[in-house]
Amino acid sequence: MVNHWIIVPVVLPALTAVLLLFLPRESVVSRRVVSVASVLALAGISVALWGMAQQGPQAYAVGDWPAPFGIVVVLDRLSALMLLAASAIALAAVLYAIIGWDRRGAHFHTLFHFQLLGINGAFLTGDIFNLFVFFEVLLIASYGLVLHGGGAWRLKSGFQYAAVNLIASTIFLFAVGLLYGITGTLNMADLAVRVAALPAQDHALLRVGALLLFVVFAVKCALVPFHWWLPSAYSAGAAPATALFAVLTKVGAYAIIRMHTLVFAGDAAGISGTLQDLLVPAAAVTLVAGAIGVLGSRSMLQLASYSTVASMGTLLLAAAGLGAEQISAALYYLLHSCLIGAALFLLVDLVAAGRGRVADRLLPEAPVPQALMLGGLFFLCGMAMVGMPPLSGFVGKVAILDGLRGTDDAVLAWAVILGTGVLLLVGFVRAGSTVFWKAGSAVSRSDTARPAARRAGLVVAALVAGTAVLSALGGAVLEATDATAAELLDRELYIRAVAPAASSPES
Amino acid sequence: MSPGEMNPLAELAVSALLVAGGTFLLIGSYALVKLPDTLQRLHGPTKSTTLGVGSVLIASMLYFLFAEGTTSIHELLITLFLFLTAPVAANLVAKAHMRNRAPKSNPTDQLPG
Amino acid sequence: MIAYASAFAFAAVSAATLLTLWRLVVGPGAVDRILALDTLAINAIAVIVLAGIVWTTPLYFEAAMLFAMVGFLTTVAFCKYLMRGNVME
Amino acid sequence: MTAALFPHPLLSATIAVVWILLANEPTPGAIVLAMIVGVAVPKFTSVYWPDRPRVRNPRMIAEYLLVVLWDIVVSNVQVARLVLFRRPEDLQSCFVVVPIELESPEAVTVLAGTITMTPGTLTVDHDPVRRTLLVHCLHAPDPDEVVASIIARYESRLRSIFR
Amino acid sequence: MYVPLVVLIPTLGAVLPALAGRQGRAGCAAVAATASLAALTVLLSVAPAVMRGEPVGFHVPWIPQIGLALSFFVDGLGLFFAALILIMGVLVIVYGRYYLAPSDPPGRFFASLLLFQGAMLGIVLSDNIILMLVFWELTSLSSFLLIGYWNHLAESRQGARMALAITGGGGLALFAGVLLLGGIAGTYELSEIIGRADAVQSSPLFGPALALILLGAFTKSAQFPFHFWLPHAMAAPTPVSAYLHSATMVKAGIFLLARLWPVFGETEAWFLTVAPIGLATMLVGAWIAIFKDDLKAVLAYSTVSHLGLITMLLGFGTKMAAVAAVLHILNHALFKAALFMSAGIVDHETGTRSMARLGGLRRAMPVTAALAVTAAAAMAGVPLLNGFVSKEMMLESASHAVYAGQAWLVPLLATLGALFSVAYSARLAGMVFFGEERHPVDAHPHDPPAGMWLPVAVLVVPAIVLGLWPALAQPLVEVVAAAVVGGDLPEFQLALWHGLTPALGMSVAALLGGVAILVVYSPIDRIRIALPRPEAKAIFDASVRGGAAASQALVRTLQNEDLTRYALVIMLATVALGVFGFLTGPHGAGTRAMLEPSLPAVVGWGVLAVACGIAVVRHRDRLLLLLVTAVAGLVVSLTFLHFSAPDLALTQISVEVVTTILLLLALNLLPKTTPRETGAPLRMAHAGLAGASGLGAGLLAFAVLTRDYVPISDYHLAQARPGGGGTNVVNVILVDFRGYDTFGEIIVLGIAALVIFALLELSAKARRAAGWAARAPSYRTGSAHPIMLVVTTRLLLPLVLTAGVYIFLRGHNLPGGGFIAGIVVGIAFIMQYVASGYAWADERFHFDPQRMIAAGVLLAGLTGVGSWAFGHPFLTSTHGHVHIPLIGDVELASVLLFDLGVFLVVVGTVLLALATIAAVESIGDRRPADDRPAAGERRPIPARPVRIEEEERV
Amino acid sequence: MEMLVASAIGILTGAGVYLVLRRRTLTVVVGLTLLSYGVNLFLFAMGRLTIDRPPVLTDGGAPYSDPLPQALVLTAIVISFGMTALVVVLALRGFLDTGTDDSAIREADMVRGFGPRHLGTEARKD
Ligand code: NA
Ligand code: NA
């Protein structure tokens with residue numbers, strides 16, 4: 001009996017998006033109802049899928065063609081976890097959007113669901129070319145969302161964002177082609193098998209392919225020096241969209257973890273060693289660059305963007321080792337940074353909304369309406385981002401530092417993670433006291449009631465509460481990520497689930 | 001390819017058409033190079049080239065008919081299409097050229113290399 | 001005999017293509033280059049049909065037809081751009 | 001009824017033929033499909049071809065086609081000779097203005113096309129107000145003769161076709 | 001069992017004042033006080049056991065993976081500090097209720113205060129050091145809120161920022177230290193760590209752990225050189241200063257030192273670092289305090305000094321010193337809090353804290369004067385007051401301390417510190433309460449309501465009692481000190497008189513010397529002012545501002561939003577990594593047989609090379625660039641054809657023409673040429689990189705082309721007919737084997753079209769649209785719709801449509817299929833647009849492209865979902881023979897529907913994309929050439945562009 | 001022949017990269033187009049080169065060229081078409097709104113840029 005639920009996270013958003021296209025453009029309400037309902041359903045399904053994933057990896061042969069010949073969609077703990085994160089953020093984003101953002105341009109909800117489709121598809125697929133396809137889906141949807149709302153700035157950074165990602169996509173195709181050219185397959189599990197059996201004379205080409213892929217994923221997750229696009233693109237993006245983007249960067253991290261625990265695992269052609277040599281310094285630099293960006297940011301959006309960069313650095317610094325503990329910690333931190341990233345972007349938008357032309361710039365000019373609520377939320381977001389207890393950032397950092405204990409890079413990693421903590425702290429304190437204190441919150445005492453803003457605030461609050469829950473239930477969550485990491489490191493499980501036939505190139 | 005069991009007359013016809021086609025194509029392009037004025041050059045491709053392709057197409061038709069025994073008549077379609085479009089294309093090129101002779105409004109010709 | 005004839009035709013088309021290429025390079029005007037492009041397309045059609053004969057396959061027929069269509073539309077578009085600026089005016 | 005079904009019978013016929021040409025084998029199936037397409041497509045595209053011309057005198061059409069076909073071959077040989085053996089500076093290229101009485105755009109188009117495809121002539125422009133065609137000749141020692149032959153060989157025949 | 005309640009009640013109770021905010025000061029204070037008292041009662045309920053020497057514990061695992069557990073325990077030390085925190089808390093709350101102005105929001109104040117109290121209790125009662133870390137940082141955060149309470153004042157904000165930066169930063173060091181310590185000890189439970197002191201001390205990581213932990217402790221307790229934040233924290237409301245900055249928070253560091261004393265206390269490293277830093281802090285703090293004019297500043301620096309004293313005592317590492325430290329913690333809490341509150345009262349009554357403007361207040365406010373002076377005397381260590389006893393013990397321990405082999409060093413400096421403290425205490429008391437009466441004229445100082453002075457009294461009385469009968473403190477001190485040293489203590493007797501000891505001599509010297517300093521105060525002050533004094537705050541602010549500015553500059557230069565550079569970096573990295581990857585792995589040349597190059601292939605190669613060459617060299621002529629790009633596309637398509645890929649050839653060529661038209665439409669509004677912007681050297685560099693990339697790609701391709709492989713596609717070839725019901729394997733793969741890819745692919749197309757539409761629809765609405773049109777070139781020659789073109793395309797439309805239908809139907813078995821058919825049909829209509837113009841053609845196109853796209857995706861999706869009905873996975877195909885009369889056997893595959901979806905999406909996309917741009921441009925075309933509006937001029941744009949009048953319209 | 005194709009891939013890629021490194025949006029777009037030509041050809045070449053063996057099943061037609069890369073390339077062509085179309089329009093709007101087709105963002109944009117509310121209304125006059 002095939003488990004069709006596995007494909008639903010892809011099919012549901014697709015059909016929703018199309019349905020939205022058929023709805024008359026005037027009927028805003030019906031669009032919102034459909035959109036929110038669909039995301040809710042998706043969230044529920046993701047939870048269910050997480051449950052199903054507990055029985056180990058399961059493959060779903062799209063088109064009923066056996067792997068490796070058709071495309072398989074694979075549900076395992078990792079993909080289920082990512083789906084959970086995605087749908088949670090999506091829910092927050094869409095709830096925020098229906099407060100008004102979705103009216104600022106055509107097709108917001110359609111694009112939103114298409115992007116969701118792309119993200120889910122990328123998390124689920126077990127085929128490397130199909131991964132490329134879904135990368136493109138989520139990218140082109142994100143272009144649309146970056147441009148949602150229009151404006152010179154958006155257009156220009158949108159173009160840069162698109163161009164950079166198109167270059168990356170080209171490199172992706174070179175890599176996929178190369179891998180097919182030497183292994184003759186596209187199915188990831190089959191690739192894993194064939195890569196392991198590859199004659200030494202092909203190893204050089206294999207390494208090139210792997211490294212090209214690494215560049216692509218590095219661009220996606222804004223690893224220094226490929227992080228350029230992120231701050232401006234995110235600063236330009238429509239707030240609910242950028243909230244969803246918090247997951248977007250994670251797709252790159254997901255891809256790195258997936259490829260290097262499945263296809264290039266077992267140090268095939270010395271690739272995972274090389275990966276570590278590259279990733280550790282790069283991630284460290286990324287973290288530092290992010291922290292410096294936070295300290296030097298001139299607007300809250302810049303602050304949020306660079307703290308996203310910083311958290312990517314932390315995440316990858318943790319993941320680089322590819323040990324069970326490290327991956328588990330990285331995954332926990334990933335969940336944390338999804339939640340808090342989304343929260344921060346929405347919050348910044350909310351603040352900017354209330355400050356007129358000063359918007360989100362770090363100037364003491366315009367006071368913030370509802371300074372107490374927004375200031376409090378910003379305070380909490382800052383705590384979480386910096387890694388102050390008791391929110392999930394702290395737990396994540398402890399887990400990461402614990403996981404790195406005793407590795408070759410422990411000293412560097414510890415120094416960087418803790419050192420940047422100070423920079424982030426100072427950066428957030430500067431920003432917060434400028435915007436919420438210095439900018440005469442005296443005015444905000446007599447608050448002009450904005451019910452919309454209050455509702456939006458609730459969404460942000462919910463996300464922050466999410467990080468609190470994440471740390472309150474830290475034990476359970478870390479158990480889940482431990483199980484996920486363990487499953488990842490035993491790649492035979494995945495291979496057996498996907499392609500019993502794909503055990504040898506002659507199959 | 002199996003021209004062996006092909007009726008020699010047909011074979012001759014096909015070969016002749018091929019040679020003629022090739023020749024006309026060559027002449028058309030030669031005109032493009034040789035003639036000094038754009039409008040003069042225009043005469044080459046529009047006529048010779050078109051006829052050149054036309055004869056190649058007919059050659060192919062005959063070839064499939066006699067060598068393969070399959071009635072491959074769809075080459076006619078291309079021929080029809082080419083003869084419909086070639087003069088129009090030529091006409092537009094000519095119009096564009098006339099326009100371009102007014103140097104001022106020329107967006108491309110007066111560019112620095 | 002057909003073998004030789006088609007070989008000749010190939011050679012002729014190749015030569016024609018090179019001549020056209022020359023015109024494409026030296027121009028001088030945009031119009032001349034458009035004309036060269038148009039001619040290249042037609043040469044391409046000839047090559048395709050010839051290949052169909054040599055390989056005795058009808059599979060490339062649509063390609064030839066599409067080349068004819070596309071070549072025409074491309075030429076028209078470029079010319080109209082030169083004449084009017086707006087291709088779809 | 002038939003008018004509604006066949007907004008353009010001639011076109012429908014052409015389409016059907018084209019379909020069979022495409023299918024490349026006149027099987028019954030192909031023929032049935034051809035008829036379907038032949039009805040459907042013109043109906044679908046009729047809006048794009050308003051006020052179609054009335055075409056009559058089929059004999060004349062055939063005659064015209066033969067004349068043109070012959071001229072095309074001849075013209076190509078002539079042009080080939082000019083291109084190959086004439087020094088460019090000896091070419092006496094010129095423009096001639098051909099007055100036309102044809103009304104329908106279709107007719108004008110056919111004439112212009114014919115001119116382009118036949119002896120060293122090339123339609124450059126059409127002036128709807130003065131009702132003339134501007135024609136470029138690759139080598140015309142006697143321009144008036146060119147005009148005369150165009151009118152005699154093509155324009156007159158077309159006038160009787162599109163009447 | 002109840003231990004956690006002690007922490008939880010205030011922490012959770014913090015919400016109550018926030019809610020009671022409406023009830024005003026009284027309500028909030030009441031709620032807060034109740035919470036504190038409740039916690040206190042719980043604490044006292046366990047006190048007896050603790051006093052019996054039976055620590056009370058509580059343990060619940062929280063996040064075992066990181067060793068974090070909710071484990072608390074109350075031993076002497078914990079009880080002592082907890083009691084201190086709660087009792088002081090109650091007093092401060094009562095005091096604060098009267099201190100706050102009606103305009104100050106009480107809810108926020110008391111909530112933060114309770115939050116802080118809870119966090120503080122958490123620190124002193126945690127058994128798990130990670131848990132302690134959690135509360136540690138919470139105290140930093142809550143004190144940040146309290147210091148910044150009056151956030152409209154610049155100094156409040158700066159003070160709060162600095163405090164958080166220093167203590168929070170120190171917290172991160174402590175973070176590392178704690179993790180290291182736990183790692184060494186193999187547990188995070190304090191009670192267990194203490195048991196493993198030897199293991200810890202022998203570990204190679206002992207040094208770093210100690211250093212990091214001390215860093216945390218010193219920053220929190222304002223030890224030199226981190227002492228500077230504390231005085232600026234005094235911008236906080238006085239109750240806060242009294243509570244945080246004298247009694248409790250600053251003692252957290254001290255507490256940590258005491259807590260870890262059994263682990264580190266008796267090591268050399270500890271003595272060598274902690275003792276001198278304590279000593280230095282004591283001296284520096286006291287010295288500065290002597291010369292401050294602001295009452296609270298004096299108290300602040302004296303606090304710094306006393307914290308240093310305590311630190312030094314703990315640093316000595318002897319058990320008696322520890323005892324002295326404990327006693328002094330108690331004493332200092334008593335007199336210093338009393339002094340802060342008194343200072344608050346003075347400030348409250350006279351409106352100033354400047355000692356220069358005050359004097360002789362003992363007449364105006366006798367009660368306050370009496371209390372304050374007594375407290376000051378205690379601080380000075382005057383006999384018969386509690387300060388004397390502990391200072392005596394301090395000097396006693398100091399007299400035995402031998403540092404760097406110098407027996408005289410520590411005793412001398414300690415005496416000096418004591419001397420200074422006598423000086424500032426005497427000066428404070430004298431200048432404020434004695435001499436002739438001085439205060440701001442508008443102020444009418446008198447003793448405040450009892451609610452304000454009673455708390456002070458509550459603190460001063462025990463100070464006197466303990467001064468007279470120190471033995472009363474004996475049992476408490478014993479229990480606490482025992483907990484500190486983690487073992488049994490030497491015999492000692494708290495007493496007023498120990499006989500003629502060196503310590504006594506040192507005290508006497510201190511008392512006399514202190515008075516002496518005041519005599520020669522002004523010359524010393526002149527000297528001091530003459531000497532350079534580094535202003536720590538200035539340095540700190542400068543460094544933060546500098547850091548921010550520097551990183552801002554860095555960001556600006558790196559993040560310069562220059563796409564060229566981004567692309568350059570990516571390509572450089574790609575090439576570099578590619579080369580690196582290749583060179584660092586074994587490579588063997590392939591053995592696959594190669595093909596003979598053919599003449600047409602060589603010619604085609606030449607054409608491509610020339611086209612690309614022109615593109616590179618003459619790219620600044622944009623029309624030419626598009627032209628040669630079209631040529632390149634042509635050759636690529638032929639290449640596909642040459643190597644047995646007809647479907648690709650068809651797709652490539654048809655896509656290319658659409659792209660070309662798109663680019664031409666864009667170029668019409670864009671500049672026609674590109675200015676030369678990059679200098680020759682940079683161009684060369686770019687060319688080099690480009691060349692390298694090209695070379696790399698080519699070599700990779702060649703390496704693969706010349707080796708053999710075992711592709712999975714044999715299966716596709718074998719299964720296409722039986723399994724997929726088609727003979728065109730490529731199409732079967734597209735719509736069946738990998739239909740999932742295609743599903744994603746058409747979605748990409750659809751999205752592209754929607755975004756394009758959204759982009760330009762936005763602009764069509766935008767008033768600027770008219771302005772844009774002004775950018776369109778001004779030339780208009782010849783007719784827009786040449787008659788030949790118009791007529792021919794009208795004939796071509798049905799022909800091409802027919803071809804499209806045919807290509808679609810045959811696609812599954814012969815080259816073609818939904819995508820190609822879609823583009824062909826699209827081209828057919830584009831011809832109409834090009835020939836007869838946008839307006840004319842658009843009027844006649846009766847489908848909504850967006851709906852077409854939606855329908856296409858929907859159809860494809862539903863075909864996929866349909867297979868669920870038969871229990872098959874998404875996108876499972878079925879096919880079979882159907883007999884239709886006349887037509888005969890027809891093979892129908894469900895994928896035909898899927899392909900139809902593809903077809904619809906493609907047609908919709910092509911038309912939507914091109915027509916949208918055309919629509920925008922035709923807005924421009926509607927204007928006669930002469931009355932073009934200046935960019936920015938506003939003219940309304942109708943929803944649908946009206947048709948263009950043309951002389952040649954037929 | 002392999003050499004020809006490989007070098008053709010190299011030429012297209014090189015030209016594409018060079019154009020992508022230019023400053024102006026349209027040039028970048030064209031560069032991306034050439035780049036996609038190059039990568040499509042590369043992907044196609046990964047199925048090796050076969051002449052006169054299109055993967056259209058006929059009796060005795062075997063062996064056939066590898067159909068899988070062909071399918072992949074077709075997908076890739078379509079996707080890059082969509083992308084290119086979008087980016088062209090993006091470049092166009094960018095130029096129309098800001099008055100420059102420089103792909104870089106100027107300081108003026110940046111400072112104004114941050115802050116989502118007031119972006120749309122201002123077009124830069126150059
Ligand atoms: Na960007
Ligand atoms: Na596909």
Side-chain angles (χ1 to χ4, degrees), chain B residues 20-21 23-55 61 64-65 68 70-99 101, chain D residues 14-15 17-27 30 65 68-69 71-95 108-127 133-140:
Chain B
T23 319
F24 275 120
L25 281 159
L26 188 51
I27 292 169
S29 300
Y30 178 62
L32 202 57
V33 173
K34 180 186 177 189
L35 300 177
D37 170 58
T38 306
L39 274 180
Q40 291 178 333
R41 291 180 206 131
L42 196 45
H43 287 269
T46 31
K47 296 185 188 56
S48 322
T49 316
T50 317
L51 188 68
V53 178
S55 29
M61 220 168 95
F64 278 99
L65 191 57
E68 297 299 294
T70 58
T71 55
S72 170
I73 39 184
H74 53 203
E75 281 81 351
L76 282 179
L77 201 58
I78 302 183
T79 323
L80 171 71
F81 195 93
L82 281 175
F83 278 76
L84 273 174
T85 56
V88 183
N91 176 250
L92 270 125
V93 175
K95 279 169 168 286
H97 171 71
M98 301 302 283
R99 200 205 115 259
R101 288 206 298 196
Chain D
T14 324
I15 300 290
V17 173
V18 166
W19 181 269
I20 294 173
L21 293 184
L22 280 162
N24 208 14
E25 49 189 337
T27 60
L65 283 177
V68 171
L69 231 56
D71 286 356
I72 287 177
V73 178
V74 173
S75 75
N76 275 283
V77 178
Q78 288 177 349
V79 171
R81 279 224 312 288
L82 290 171
V83 169
L84 290 174
F85 310 119
R86 191 65 74 103
R87 278 195 271 97
E89 51 273 29
D90 300 350
L91 284 176
Q92 302 177 352
S93 302
C94 65
F95 283 102
V108 177
T109 307
V110 174
L111 178 58
T114 315
I115 292 171
T116 305
M117 298 308 287
T118 49
T121 53
L122 188 68
T123 313
V124 172
D125 208 349
H126 166 242
D127 184 334
L133 288 177
L134 179 63
V135 174
H136 180 267
C137 310
L138 180 58
H139 179 65

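Numbered from 1 within each chain, the chains take letters A, B, ... in sequence-line order. Values in this document were obtained by computation on a predicted structure and should not be read as measured data. All heavy atoms count here, side chains included; hydrogens, waters and symmetry mates do not.
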In Å, rounded to the nearest 0.5 Å, how long is the span from SG of Cys137(D) to CG of Leu39(B)? 11.0 Å
Can you tell me how far CG of Asp37(B) sits from CG of Leu91(D), rounded to the nearest 0.5 angstrom? 10.0 Å
Measuring from Gln40(B):CD to Leu122(D):CG, what's the distance to the nearest 0.5 Å? 11.0 Å
Examine whether an atom of Thr50(B) lies under 4.5 Å from a heavy atom of chain D, and if so say whether it belongs to the side chain, the backbone or both; otherwise answer neither. side chain
Would you indicate whether the side-chain heavy atoms of Leu138(D) and Leu35(B) approach each other to under 4.5 Å? yes
What are the two closest heavy atoms between Ile72(D) and Phe83(B), and how far apart are they? CD1-CE2, 3.8 Å
Contact summary for Val124(D) and Met98(B), nearest pair of heavy atoms: CG1-CG, 3.4 Å
I need the minimum non-hydrogen distance between Pro36(B) and Pro88(D), along with the two atoms involved. CD-CB, 3.6 Å
Tell me the closest heavy-atom pair linking Lys34(B) and Val83(D), and the distance in Å. NZ-O, 2.6 Å
If you round to the nearest 0.5 Å, how far is CG of Asn76(D) from NE2 of His43(B)? 12.5 Å
Show every side-chain hydrogen bond (donor to acceptor under 3.5 Å, both in side chains) that has at least one partner inside residues 75-89 of chain B, sequence neighbours left out. Ser60(B)-Glu75(B), Ser72(B)-Glu75(B)
Separation between CG (Leu84(D)) and CD1 (Ile27(B)), nearest 0.5 Å, reads 4.5 Å
Between atom CG of Asn91(B) and atom CG of Leu134(D), what is the distance when rounded to the nearest 0.5 Å? 10.0 Å
Please name all residues satisfying side-chain hydrogen bond (donor to acceptor under 3.5 Å, both in side chains) with Arg86(D), sequence neighbours left out, ordered by chain then number. His139(D)
